[in-house]
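Single-structure report; data block below.
If you read the sequence from its start, that first residue is 1, and numbering goes on from there.
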Amino acid sequence: MAKNKQRPNQSTPPQATKPKSVAATLPNQSADNSFSLNPVVASIIIGVAVLISFWAGFSNDFVLWDDNMYVTDNIMVQNPTFANLIRLLGVESALNYHPVTMASLWLNSALFGKGAASFIVVNTLIHLANTLLIFKFTRQLTKDNILVSFLVALFWGIHPMHVESVTWIAERKDVLYTLFFFLACIHYVKYLEQNQRKFYIYCFVFFVLSCLSKAMAVVLPLVLLLIDYWFDRGFITVKNITSKLPFFIVALLIGALAVHIQGGGNLGGRIEKMTADVAIANVFTMGTKLKFGFYGFLVYIFKMFVPINQHNFYGYPATDQYNAIQFVTAPIWAFIILGLGVLAYKRQKAVFFGIFFFFFTILLVLQFLSVGGAILAERYAYIPYFGGLFVVFYVLNQKVQAKNLILGGSAIVALIFMYLTYKQTLTYKDTGTLFANSYKYEPTSPVVNENLANHYGRSGEINNVLLYGEYALSKGVDSYALNGALANAYYLKGDYKKALDFYQKSIDKSPEHRKFIAYYNRGIANRDAGNFEQAASDFTTAMDMGENKTAYLGMRAFANLKANKFKEAYNDYTRMIDLGMSVDTAYNDRAVARYSLGDTEGAIKDLKEVMKRNPNYVDARNNLIKLGVQP
C-alpha cells in the first residue's frame, strides 16, 4: 500500500535662479566639417551593433544568482495580479528596495509571460534605449558633434563589461535606473538651454524614478553640478548647490534607506523582508577599505580599455594578500588620475568632466563601505563608463585631424568588443555556465564553490555537490542554500543522519519565505529514515509556512499512517478525497486506516470504491482479497 516516493527538491521644486543664456559660452566641440553622418543613420548603426552584440543572450535561461529572488521564486511576479503589484511596492528583494524595478518585472510577467527570454529581451531593449539616450546627451554636450557622440554611444552600447547589467535578468534595476538617470541629465541640459521650469521638474521626476529603480542614482546631484561646470556656470557654488536642494534631500533619504535595508532593517516593519541576510560587513580596517576601493577603481579603468578575464564574482583576496603591491599602490595611482583631472579643471574641461563623471558615479560602490562579498562587480561600471569614453573620444577628436583614422581604428576595436560581448553573454546561459566561468578565475572562492554545489545539487550530480560544497563549507560558508544542497546530496547517498543534520542547519538559516522548502525536504528524509511521526510534523510545518496549504497533504497522510496515527491519517485521506487529490490512492490508504481503527466495513467500502473507479488498481484488489472479499 506504499505510495510512490518523492525526492527532495533540488532545490514642485523651489524656484531656481534664472540661468544665463549659455549658447555663447558652450565650451564644447562644434560639428566637424570633415565628418558627416546623419543622426538617424548613426542611431540605426548603433542599434544594429547593440542587438548583434547581445543577441546570443536571448536564448539564455534564468540563473540562480538573484534571478530566483526577483522572478522565479517571487510569487508576486509569478502571479502578476493587481493585489500582488500593490504588495510588491512594499517589498525588499535581494537586500534592495526598488519598487519601480519590481513593478517593471511584474509588468514583464503580466505582458510577456514568465519565460527567461522575455525578461532578457526587455533588458536589452532598455539598454538600447539607454545607448540612444547617451547619443542624445553627448550631442547636447558637444554642440552636435556627431563623430564624438556616435563613438561614445557605440562603444558604451557594445562594451563587454555591460553584459552583466544587460543579460543578467536580476540587473533589470541597472538598465532601468540608467534610463531615468540619463533622461534626467538630458532634461537638465534643456533647462539650462531654454530656461523653462518644466524641464527642471521633469529632471527631478526622472531622478526620483531612477532612485526608486536603484539607489545608486543618488549621485545624480553631483553629475548635475558637473553639467553646470561644463556649461560655464561654475561648479560647487552656493547658487548651484541651493538650486539642487530637492535633489540632495531625496538623495540623502534614499541613501539612508538603502544603508538601513542592506544592514538588515525593514523600516520599522513598513517594508516586507524577503532576505534574511545582511549585505554590509565592517570586517576591514579603513586602510584596507581604501586599498581595496581604489584597486577596484583602477581595475574598472583597465577593463574599459582591455575587457578580459571577465566573470561574475571578483572575490576579496586572502588575508595574506592584503599588502600585495597592487593593493598598496592602488591609492597612489588613483590619486594621480584624480589629480590629473583636477589639473584639467581650467585647461581641458572634457578631461575634468569625464574623469569626475566616472568617479562620482562609481564612488558609492568602491567598497569604502564594504557591501557584499566582492571587491568589485562589472555591473557597477555601467553608467560610469560614459565618463571614461567621453574623455577618450573627445580628446581623440581634438588631437587627431584625420577623422577617417579615428573612425577606421574605432571600427576595428568595435568589432573586437562586439565579439567579446557576444562571448560573454554565453556565460550567462545558465547557472552552471555562469559559475564554471567564474571558477576559472576564482577557484578558491567560497561563494563560487557554494553556487556550483547548489547548481549540481539541482541536477543531481552528487559527487560534484560534495566536492564543491564541502570545500565551501570548510571556508566558512554557512548559508541555507549550501546546507540544503549538502543535505539533499547526503540524502541521495542514503546517509540520512548527515542529511538530517544539514536540513536542520538549512532551516535555521533560511529566510522565512523559504523555510517551507527545507521542512518539506527534511520531511522526506525523515520519512525514508523511518521517522514517520517527525516526517508528518515536518510536512505540516511546510504546508503552514508555504503558499499552498495542501501541497504535501498526501505525504503527511502516508507518514501518519506509517506512524500508526490512524485517526490523523484517516482525516488527511478524507480531505484529499474531498479535494480530488490522488483519489484512488486516498481511498485505498484510507481503507488501511479505517481497518486499523476497527472499521472493517468502512475499509471494504473504500476498497470497492477504488475498484469501481479503477479495476486495475492492484493494491486495492490485493487488500480486498486479504479481507476475504472477492474483487
Side-chain angles (χ1 to χ4, degrees), residues 27-32 34-35 37 42 45-46 49-50 53 130-162 178 182 185 223 226-227 229-230 297-308 310 333-334 336-345 347-362 378 380-421:
N28 317 306
Q29 299 169 321
S30 59
D32 191 281
S34 63
F35 177 80
L37 182 63
I45 294 172
I46 291 169
V50 168
S53 300
N130 293 338
T131 307
L132 296 177
L133 287 175
I134 282 177
F135 183 50
K136 168 68 174 175
F137 183 48
T138 312
R139 289 176 64 194
Q140 287 180 314
L141 297 178
T142 61
K143 291 170 57 178
D144 219 21
N145 186 309
I146 298 298
L147 177 59
V148 173
S149 304
F150 171 70
L151 292 177
V152 170
L154 174 65
F155 276 86
W156 189 89
I158 64 173
H159 205 288
M161 284 284 282
H162 290 347
T178 300
F182 280 106
C185 291
V223 171
L226 281 173
I227 295 174
Y229 159 82
W230 183 256
F297 178 71
L298 296 178
V299 173
Y300 289 123
I301 294 174
F302 173 78
K303 285 182 177 279
M304 185 178 75
F305 296 99
V306 189
I308 59 173
Q310 290 183 248
W333 291 110
I336 289 173
I337 293 170
L338 295 173
L340 290 173
V342 172
L343 291 175
Y345 181 81
R347 292 178 291 182
Q348 183 56 272
K349 299 189 73 172
V351 174
F352 179 86
F353 178 88
I355 287 177
F356 281 94
F357 185 102
F358 181 94
F359 182 64
F360 288 161
T361 53
I362 209 166
E378 293 176 5
Y380 295 153
Y382 192 61
I383 283 183
Y385 272 9
F386 166 76
L389 293 170
F390 183 80
V391 172
V392 170
F393 290 111
Y394 193 99
V395 172
L396 271 177
N397 190 55
Q398 277 187 325
K399 303 299 182 182
V400 180
Q401 296 303 310
K403 306 309 177 189
N404 288 335
L405 180 61
I406 298 176
L407 199 58
S410 297
I412 294 172
V413 178
L415 289 173
I416 295 172
F417 275 28
M418 288 173 67
Y419 173 71
L420 292 175
T421 295

Checking Tyr382 now: which residues fulfil side chain to side chain donor-acceptor pair (under 3.5 Å) with it, not counting sequence neighbours?
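Side chain to side chain donor-acceptor pair (under 3.5 Å) list for Tyr382, sorted by chain: His127, Asn130.
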
Kindly write out the residues that satisfy side-chain contact (heavy atoms from CB on, under 4.5 Å) with [X], not counting sequence neighbours, or none if the list is empty.
X: Val391; value: Val351, Val395
X: Val413; value: Phe155, Phe417
X: Ile336; value: Ile332, Trp333, Leu340
X: Leu407; value: Phe35, Leu147, Phe150, Leu151

About how many Å separate [atom2] of [Y] and [atom1] of [X], when rounded to the nearest 0.5 Å?
X: Ser149; Y: Leu141; atom1: OG; atom2: CG; result: 8.0 Å
X: Asn145; Y: Gln140; atom1: CG; atom2: CD; result: 14.0 Å
X: Ser410; Y: Asn404; atom1: OG; atom2: CG; result: 11.0 Å
X: Lys399; Y: Gln401; atom1: NZ; atom2: CD; result: 10.0 Å
X: Tyr300; Y: Met161; atom1: OH; atom2: CE; result: 7.0 Å
X: Thr178; Y: Leu133; atom1: OG1; atom2: CG; result: 10.0 Å

Short question: side chain of [X], backbone of [Y] - any donor-acceptor pair under 3.5 Å?
X: Lys349; Y: Ala344; answer: no
X: Glu378; Y: Gln310; answer: no
X: Thr421; Y: Ile158; answer: yes

Where is the tightest heavy-atom contact between [X] and [Y], given as atom of each residue plus distance?
X: Met304; Y: Val392; answer: CE-CG2, 4.4 Å
X: Ile362; Y: Pro384; answer: CB-CG, 3.8 Å
X: Ala414; Y: Leu154; answer: CB-CD2, 4.2 Å
X: Ser53; Y: Met418; answer: OG-CG, 3.2 Å
X: Ala153; Y: Ile46; answer: CB-CD1, 3.8 Å
X: Leu37; Y: Ala42; answer: CD2-CB, 3.5 Å

Using ring pair (Phe, Tyr, Trp, His ring centres under 6.0 Å) as the criterion, list what pairs up with [X], not counting sequence neighbours.
X: Phe352; result: Tyr229, Phe235, Tyr345, Phe356
X: Tyr419; result: none
X: Phe357; result: Phe386

Could you walk me through whether Phe297 and Leu338 satisfy the side chain to side chain contact (heavy atoms under 4.5 Å, CB included) test, starting with their C-alpha distance in whole Å, then the side-chain angles of each, then the deciding distance to 0.1 Å, before giving a yes or no?
CA-CA 11 Å; Phe297 178 71; Leu338 295 173; 4.1 Å; yes

Given Phe390, which of Phe135, Tyr385, Phe353 fulfils the ring-ring contact (aromatic ring centres under 6.0 Å, His included) condition?
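With Phe390 as partner, ring-ring contact (aromatic ring centres under 6.0 Å, His included) holds for just one option, Phe353.
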
Contact check, side chains of Ile355 and Phe358, non-hydrogen atoms, under 4.5 Å:
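Not in contact.
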
According to side-chain hydrogen bond (donor to acceptor under 3.5 Å, both in side chains), does anything in residues 152-161 pair up with another residue at least two apart or in another chain? List the pairs.
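Sorted pair list: Trp156-His162.
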
